[in-house]
Amino acid sequence: QVQLVESGGGLVQAGESLRLSCAASGRTFSTYAMGWFRQAPGKEHEFVSAVTRSFGTTYYADSVKGRFTISTDNAKNTVYLQMNSLKPEDTAVYYCAARSRIGTLYIPSGYDYWGQGTQVTVSS
């Protein structure tokens, strides 16, 4: 089992920045990748970013590329999502997820463990 706890959400104005954190505990050595997804009201989970554990390869949705940066601190078992130049359309609940198996990183169903989510609200 892997436990994930997100933090760092909040209310900001358009153009500002936030950094989300996801602290992992438990069998973290078994994870293949960590991902961030978001869900706006009335919408499905949307892929935001992911990073593989072994090589640190990063992936981004087109909508956030150039504005968001995913990073890891393996010593702290923590994954970060630095979000710059935030837009109102970035408003959503952001979830951290862990995937055990090799495979596509863009689909929510491929992830085995999920955090409780943290709200990000961007006002115009």
Participant: Is there a donor-acceptor contact under 3.5 Å linking the side chains of Asp73 and Thr78?
Facilitator: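 Note: Asp73 and Thr78 side chains miss the donor-acceptor criterion.
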Participant: How long is the straight-line distance from OG1 of Thr69 back to CG of Asn84, given to the nearest 0.5 Å?
Facilitator: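 Answer rounded to 0.5 Å: 6.5 Å.
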Participant: Identify the heavy atoms of Ala24 and Leu4 that sit nearest to each other, and give their distance.
Facilitator: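 Taking every non-hydrogen atom into account, CB-CD2, 3.7 Å.
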Participant: Carefully, step by step, assess Gln1 and Tyr113 under the rule side chain to side chain contact (heavy atoms under 4.5 Å, CB included).
Facilitator: CA-CA 8 Å; Gln1 292 287 332; Tyr113 306 101; 3.5 Å; yes
Participant: Should the heavy atoms of other residues, nucleotides or ligands under 6.0 Å from CG of Leu11 be counted, would the total exceed 12?
Facilitator: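 Enclosed: over 12 neighbouring heavy atoms sit under 6.0 Å from CG of Leu11.
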Participant: With no hydrogens and no angle check, is any side-chain donor or acceptor of Arg99 less than 3.5 Å from a backbone partner on Pro108?
Facilitator: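 Not at all, since once roles are kept as given, no pair shorter than 3.5 Å links the two residues.
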Participant: Using the side chain to side chain contact (heavy atoms under 4.5 Å, CB included) rule, take Glu89 and Ser63 through it: C-alpha gap first, then chi angles, then the decisive distance, then the call.
Facilitator: CA-CA 10 Å; Glu89 50 263 44; Ser63 59; over 6 Å; no
Participant: For residues 50-103, which residue pairs qualify under ring-ring contact (aromatic ring centres under 6.0 Å, His included), counting only residues two or more places apart or in two chains?
Facilitator: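 Every pair satisfying ring-ring contact (aromatic ring centres under 6.0 Å, His included) with a residue in residues 50-103: His45-Tyr95.
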Participant: Does the Thr91 side chain pair with the main chain of Val122, one donor and one acceptor, at a distance under 3.5 Å?
Facilitator: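 Looks like yes, one N/O pair under 3.5 Å.
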Participant: Let me confirm one number: the OG-CZ distance from Ser17 to Arg19, rounded to the nearest 0.5 Å.
Facilitator: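 If we round to the nearest 0.5 Å, Ser17:OG and Arg19:CZ are 12.0 Å apart.
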Participant: Which pairs pass disulfide bond (SG atoms under 2.5 Å apart) with one or both residues in residues 81-124, sequence neighbours excluded?
Facilitator: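 Pairs touching residues 81-124 that pass the test: Cys22-Cys96.
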Participant: Tell me the closest heavy-atom pair linking Thr118 and Glu6, and the distance in Å.
Facilitator: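 Nearest heavy atoms, Thr118 then Glu6: CG2-CB, 4.1 Å.
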Participant: Over all heavy atoms of both residues, which pair between Leu20 and Gly9 is shortest? Give the atoms and the distance, please.
Facilitator: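 Taking Leu20 first and Gly9 second, the nearest heavy atoms are CD2-N, 3.6 Å.
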Participant: Where do Pro88 and Ala14 come nearest, in terms of heavy atoms and distance?
Facilitator: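 Closest pair (atom of Pro88, atom of Ala14, distance): CD-CB, 4.1 Å.
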Participant: I'd like to know whether Ile70 forms a side chain to side chain contact (heavy atoms under 4.5 Å, CB included) with Val79, so could you lay out the CA-CA distance, the side-chain angles of the two residues, the decisive distance to 0.1 Å, and finally the verdict.
Facilitator: CA-CA 7 Å; Ile70 191 170; Val79 178; 3.9 Å; yes
Participant: For the pair Val51 and Thr57, evaluate side chain to side chain contact (heavy atoms under 4.5 Å, CB included) and give the outcome as yes or no after the intermediate values.
Facilitator: CA-CA 5 Å; Val51 59; Thr57 306; over 6 Å; no
Participant: Report, as yes or no, whether the 6.0 Å neighbourhood of atom CD on Glu44 holds more than 12 heavy atoms from other residues, nucleotides or ligands.
Facilitator: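 12 or below, so no.
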Participant: Under a single-linkage definition using a 4.5 Å side-chain heavy-atom cutoff for Ile, Leu, Val, Met, Phe, Trp and Tyr, are Val120 and Trp36 assigned to the same hydrophobic cluster?
Facilitator: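 Per the 4.5 Å side-chain linkage, Val120 and Trp36 are co-clustered.
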Participant: Between Leu81 and Val12, is there shared hydrophobic-cluster membership here, with clusters defined by ILVMFWY side-chain heavy atoms closer than 4.5 Å?
Facilitator: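 The answer is yes; both residues are in one hydrophobic cluster.
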Participant: Is it true that Gln119 and Thr121 share a donor-acceptor pair across their side chains at a distance under 3.5 Å?
Facilitator: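 Yes, a side-chain donor-acceptor pair sits under 3.5 Å.
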Participant: Evaluate the ring planes of Phe47 and Phe37, with Trp represented by its six-membered ring, and classify them as parallel (under 30°), tilted (30 to 60°) or perpendicular (over 60°).
Facilitator: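 Aromatic pair Phe47/Phe37 classed perpendicular.
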Participant: Are the charged groups of Asp90 and Lys87 less than 4.0 angstrom apart, N to O?
Facilitator: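 A salt bridge is absent here (no side-chain N lies under 4.0 Å from a carboxylate O).
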Participant: Do Tyr106 and Tyr32 share a hydrophobic cluster (ILVMFWY, side-chain heavy atoms under 4.5 Å, transitive)?
Facilitator: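 Yes; tracing contacts between hydrophobic side chains, which count when under 4.5 Å, links both residues.
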Participant: If you look at every heavy atom in Ala92 and Arg38, which pair is closest and at what distance?
Facilitator: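 Heavy atoms of Ala92 and Arg38 come nearest at CB-CB, 3.8 Å.
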Participant: Once you round to the nearest 0.5 Å, how far does OG of Ser49 lie from NZ of Lys65?
Facilitator: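 The distance works out to 10.0 Å.
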Participant: Work out which heavy atom in Val48 is nearest to a heavy atom in Val64; give both atom names and the distance.
Facilitator: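 Smallest heavy-atom distance, with atoms named: O-CG2, 3.5 Å.
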Participant: Enter the distance from Leu105:CG to Thr52:OG1 here, rounded to the nearest 0.5 Å.
Facilitator: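 One gets 7.5 Å once the value is rounded to the nearest 0.5 Å.
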